[in-house]
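Here the structure is a predicted model, which means the values were calculated and not measured. Start at 1 and go down the list; that is how both ligands and their atoms are numbered. Keep in mind that the numbers below use all heavy atoms, side chains included, and drop hydrogens, waters and symmetry copies.
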Amino acid sequence: MGRGPHPVTEGVRDLLRLEALGLMTAGIVHDLGNMIQVLASAVNIVERHPEVRGSAALQPVVAAAIDSLDRAGGTVRQILGFVREDAATAEPIDVALALAGMERLLRWLCPHPVGLTLQLDAVLPTLICNRHKFENAILNLVLNARDAMPEGGRLTVSASAEPAHLVIAVSDTGTGMTPAVAAAAFEPMFTTKPEGRGTGLGLPMVRQFARELSGSATIASQPEQGTTVTLHLPIPVVRESDAA
Ligand SMILES: Nc1ncnc2c1ncn2[C@@H]1O[C@H](COP(=O)(O)OP(=O)(O)O)[C@@H](O)[C@H]1O
Ligand SMILES: [Mg+2]
């Protein structure tokens, strides 16, 4: 089915459409879940530390909550308007700036004893993509890395420039994956997390993001050693003749 000369029948096409719709909706709800997690943590911090209220220390917490609310609003608009965020909403992303802009949120999602390091090449290429999808890909990878280190460890987000490629890698020193788990990890709905903790939609969305940019997402993992998920994203070459 699919490939080859046989036309896809109307019924099958409807089923495929429904499946795509279900996956997309599940993906959106998954993103909402991530953002709501951020908001819940913010509120918890304020709640647990009354002395924080009214002090300067409250500012980053509130800023992160507002940022997350902004993104949740965008996602809700996406559901309501049923807008597909495609190439139409792609924009040039300064990767160093974008990651630096997420740093506070990421640090805050990875409290001690998880230590977060950003390793960015001094010069990074500009990515042309949807900002929301970029941020969600990073967020998904960092949350997975954090979840893999319940006892703490090192979490490294690196971005490096290679010829014609941007390479983004998220590494942890956590539980790692068995070969069987690593082989299944990109499948939609595959999760090893308890109910309510995992949806199995993070990595499929990360891979979809990479593929939409004609890139790839790969896993290198060793049980008890840790995991690195690497995105290879081609940078479009602008030829002189195109620019003219
Ligand atoms: N950094 C990681 N370390 C160990 N296992 C991981 C890591 N990232 C992903 N996994 C495994 O891949 C599965 C699928 O990940 P994902 O698609 O993000 O879904 P979820 O996080 O909701 O379970 C996880 O349940 C886990 O088993
Ligand atoms: Mg996940």
Problem set entry | Polar proximity ligand 1 side, T191 side, N/O cut 3.5 Å exclusive | yes
Problem set entry | Within-shell test, G174 vs ligand 1, heavy atom, strictly < 4.0 Å | no
For this session: Would you check if the side chain of R154 reaches a backbone N or O of T173 as a donor-acceptor pair within less than 3.5 Å?
Result: no
For this session: Under 4.0 Å, heavy atoms only, figure out whether ligand 1 is touched by the backbone of L203, its side chain, both or neither.
Result: both
Seminar exercise, completed: protein heavy-atom neighbour closest to atom 21 (O) of ligand 1 works out as K193 NZ, 2.7 Å
For this session: Please identify which atoms of ligand 1 are closer than 4.0 Å to at least one heavy atom of G202.
Result: 16 (P), 17 (O), 18 (O)
Exercise. Is any N, O or S atom of N144 under 2.8 Å away from the Mg ion (ligand 2)?
Worked result: yes
Exercise. Is the shortest heavy-atom distance from the side chain of L99 to the side chain of F134 under 4.5 Å?
Worked result: yes
Seminar exercise, completed: Heavy-atom proximity to atom 26 (C) of ligand 1 ranks first, among T192, V181, L141, for T192
Exercise. Got a donor-acceptor contact below 3.5 angstrom from the T156 side chain to the V170 backbone?
Worked result: no
For this session: Could you list which atoms of ligand 1 come closer than 4.0 Å to a heavy atom of P204?
Result: 17 (O)
Problem set entry | Under 3.5 Å: N/O of G200 near N/O of ligand 1 | yes
Problem set entry | CD/E103: more than 12 non-hydrogen atoms of other groups inside 6.0 Å | yes
Problem set entry | N/O donor-acceptor pair under 3.5 Å between S68 side chain and V38 backbone | no
For this session: Determine whether the side chain, the backbone, both or neither of D172 has a heavy atom under 4.0 Å from any heavy atom of ligand 1.
Result: side chain
Exercise. Of all the atoms in ligand 1, which lie at a distance below 4.0 Å from a heavy atom belonging to T199?
Worked result: 22 (O)
Seminar exercise, completed: Shortest non-hydrogen pair, F209 vs L233, comes out as CE2-CD1, 4.2 Å
Exercise. What protein heavy atom sits nearest atom 18 (O) of ligand 1, and how far away is it?
Worked result: N144 ND2, 2.8 Å
Exercise. Which protein non-hydrogen atom lies closest to atom 12 (O) of ligand 1, naming both residue and atom, and how far is it?
Worked result: A185 CB, 3.6 Å
Problem set entry | Atoms in ligand 1 with a heavy atom of A148 nearer than 4.0 Å | 2 (C), 3 (N), 4 (C)
For this session: Quick one: look up the protein heavy atom nearest atom 10 (N) of ligand 1 and list residue, atom name and how far away it is.
Result: M177 CE, 3.6 Å
Seminar exercise, completed: In this structure, CG of L105 is separated from CG of D67 (nearest 0.5 Å) by 6.5 Å
For this session: Examine the side chains of N136 and N34 and answer whether a donor and an acceptor come within less than 3.5 Å of each other.
Result: no
Exercise. For the atom pair CG (L127) and CD1 (I235), what is the distance rounded to the nearest 0.5 Å?
Worked result: 5.0 Å
